[in-house]
Amino acid sequence: MAENKSSLSKDDGMGMKAKRTFLSILATGWFAILSIIIVFPLVAGLIASFRPGTELIRRGLSIDLDFSTMTLANYKYLFGGNADSQKYMMWYKNSLILTLVSVVLTLFVCYIVAYGLTMYNYKLKNFLFFLVIATMMVPFEILILPLYKEMISLKLIDTMAGVVLPGICGASTIFFFRQYMTGLPKELLDAGRIDGATEYGICFKIMLPITKPAFAAMSILCAMGAWNNVLWPMLVFRSAEKFTLPIGLNTLLTPYGNNYDVLIAGSMFGIIPVFIVFLCFQRYFIEGMTAGAVKG
């Protein structure tokens, strides 16, 4: 009997191991397919950036490596100091400044709001958090007209403040910070007060360093959102010299001619800032994104 039980348990263990192996192979294959689908447009765009605009019109976006038609002419033209190059660099600089200001202000404001909603107990606390969550259910397209009228009344049309201010208190960012901070020990607040720290000191010197993973994750997401934002900046900005990179590249597509030489090469070069941000914060990114999933 003991031998039969031992053999049965051994067979069950082998069966479970085979099942886990099969599921692992299946998951790996599935994610490999998804990775290929996601990476294909990027690779096709990179290859197209080394081809003349006429080749792009003839071939479209493809991964056909015909080295006879691939040159550095697009990038030389992009950085050649001509009129298009100067406009591109101006748009690039505007996007960098706008993204940096948006990310810094968004993280600061959302952290403060989430800190107040998490670390203190007071009346209407849950109701205020519900109001924050409720704003996530309202599509931005519904808010465009009221926001636009508000920017007109505040005389912020065609200014960077008019683009940045409506988005610095993002409900999703507040929600993420709050979910992360619910797992932090509140005893740290009492320990800080006993040591004589002020409430501001506790907030910025004790609790803020602990939330580095959350800041890293939100820095990447906020930077991507600000860098790729098109609709709202397009409505606010009126002057061409204030356009951001996505808007500026969009102006290259007209019914009278399309400057694909600058468009494709400029689009590829425009990926670099977000990629750098991801490389800088990737060690904290996964930790920050999964922190809320393990709370009891």
Side-chain angles (χ1 to χ4, degrees), residues 42 45-46 48-50 52-53 56-57 72-109 140-141 143-170 173 219-278 280:
L42 180 62
L46 181 62
S49 68
F50 293 99
L56 180 63
I57 296 174
L72 294 174
N74 292 344
Y75 289 97
K76 289 180 180 178
Y77 182 78
L78 185 65
F79 300 106
N82 51 69
D84 288 333
S85 175
Q86 292 175 2
K87 289 192 296 183
Y88 178 81
M89 291 304 169
M90 178 179 61
W91 300 333
Y92 206 94
K93 181 188 70 173
N94 293 342
S95 286
L96 285 175
I97 296 173
L98 182 67
T99 300
L100 179 62
V101 173
S102 297
V103 170
V104 171
L105 291 180
T106 300
L107 293 180
F108 176 78
V109 173
F140 180 72
E141 288 75 10
L143 302 175
I144 286 179
L145 184 57
L147 279 176
Y148 188 73
K149 289 185 176 180
E150 185 177 1
M151 293 301 106
I152 293 175
S153 63
L154 295 175
K155 298 181 179 180
L156 294 178
I157 293 296
D158 202 25
T159 64
M160 184 179 295
V163 176
V164 173
L165 290 179
I168 63 174
C169 195
T173 307
S219 294
I220 295 173
L221 297 180
C222 290
M224 289 178 59
W227 184 263
N228 297 320
N229 194 11
V230 177
L231 180 57
W232 182 244
M234 187 180 294
L235 292 173
V236 175
F237 287 136
R238 302 282 181 82
S239 306
E241 63 272 10
K242 295 183 180 180
F243 285 170
T244 57
L245 187 59
I247 302 175
L249 292 177
N250 189 60
T251 61
L252 299 177
L253 298 174
T254 67
Y256 308 103
N258 300 315
N259 195 342
Y260 287 112
D261 299 339
V262 176
L263 179 63
I264 300 300
S267 298
M268 289 297 102
F269 191 71
I271 298 174
I272 294 177
V274 177
F275 184 68
I276 292 175
V277 171
F278 179 78
C280 293

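Here the structure is a predicted model, which means the values were calculated and not measured.
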side-chain contact (heavy atoms from CB on, under 4.5 Å) evaluation trace for S102 with V164
CA-CA 6 Å; S102 297; V164 173; 3.5 Å; yes

side-chain contact (heavy atoms from CB on, under 4.5 Å) between L231 and I144, intermediate numbers included: CA-CA 9 Å; L231 180 57; I144 286 179; 3.5 Å; yes

Exercise for the section: Starting from the C-alpha separation in whole Å, work towards a yes-or-no answer on side chain to side chain donor-acceptor pair (under 3.5 Å) for D158 and S239. Expected result: CA-CA 7 Å; D158 202 25; S239 306; 2.7 Å; yes

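Side-chain atoms of N94 and T244 include no donor-acceptor pair closer than 3.5 Å.
With rounding to the nearest 0.5 Å, the separation of CE in M268 from CG in L78 is 12.0 Å. Between the CG atom of L165 and the CG atom of L147 there is a distance of 11.0 Å, given to the nearest 0.5 Å. For the atom pair K149 NZ and I157 CD1, the distance stands at 12.5 Å (nearest 0.5 Å). To the nearest 0.5 angstrom, F275 atom CZ is 9.5 Å from L42 atom CG. Rounded to the nearest 0.5 Å, atoms CG (L143) and CD (E150) are 10.5 Å apart.
Listed for the S49 side chain is no donor-acceptor partner under 3.5 Å among the backbone atoms of I264. In this structure a side-chain-to-backbone donor-acceptor pair under 3.5 Å is present from T159 to L156. Using a distance-only test at 3.5 Å, with no hydrogens or angles considered, a donor-acceptor pair links the side chain of N82 to the main chain of Y77. Not a single donor-acceptor pair under 3.5 Å links the side chain of T99 to the backbone N or O of L96.
For residues 85-96, the pairs satisfying salt bridge (charged side-chain N to carboxylate O under 4.0 Å, His left out) are D84-K87, with sequence neighbours left out.
Taking the six-membered ring where the residue is Trp, the centroids of F50 and Y75 are separated by under 6.0 Å. Residues W227 and Y92 bring their aromatic ring centres within 6.0 Å.
More than 12 heavy atoms of other shown residues, nucleotides or ligands fall within 6.0 angstrom of atom CE in M160. Within a 6.0 Å radius of CZ in F108, other residues, nucleotides and ligands contribute 12 heavy atoms or fewer.
Residues L249 and S267 are in side-chain contact: their nearest non-hydrogen atoms beyond the backbone lie under 4.5 Å apart. M234 is listed as a side-chain neighbour of N250, based on a closest heavy-atom distance under 4.5 Å. With contacts defined as side-chain heavy-atom distances shorter than 4.5 Å, the pair P246/S95 qualifies. With a 4.5 Å cut-off on side-chain heavy atoms, I247 and W91 do not count as touching. In this structure, L107 and S219 have side chains that are in contact, with non-hydrogen atoms separated by less than 4.5 Å. M151 has its side chain within reach of P166: a pair of non-hydrogen atoms, C-beta onward, lies under 4.5 Å apart.
Residue I168 forms a side-chain contact (heavy atoms from CB on, under 4.5 Å) with just one option from V104, V103, L105, V101, and that option is L105.
Aromatic ring pairs are classed by plane angle as parallel below 30°, tilted from 30° to 60° and perpendicular above 60°; the pair Y88 and F79 is perpendicular.
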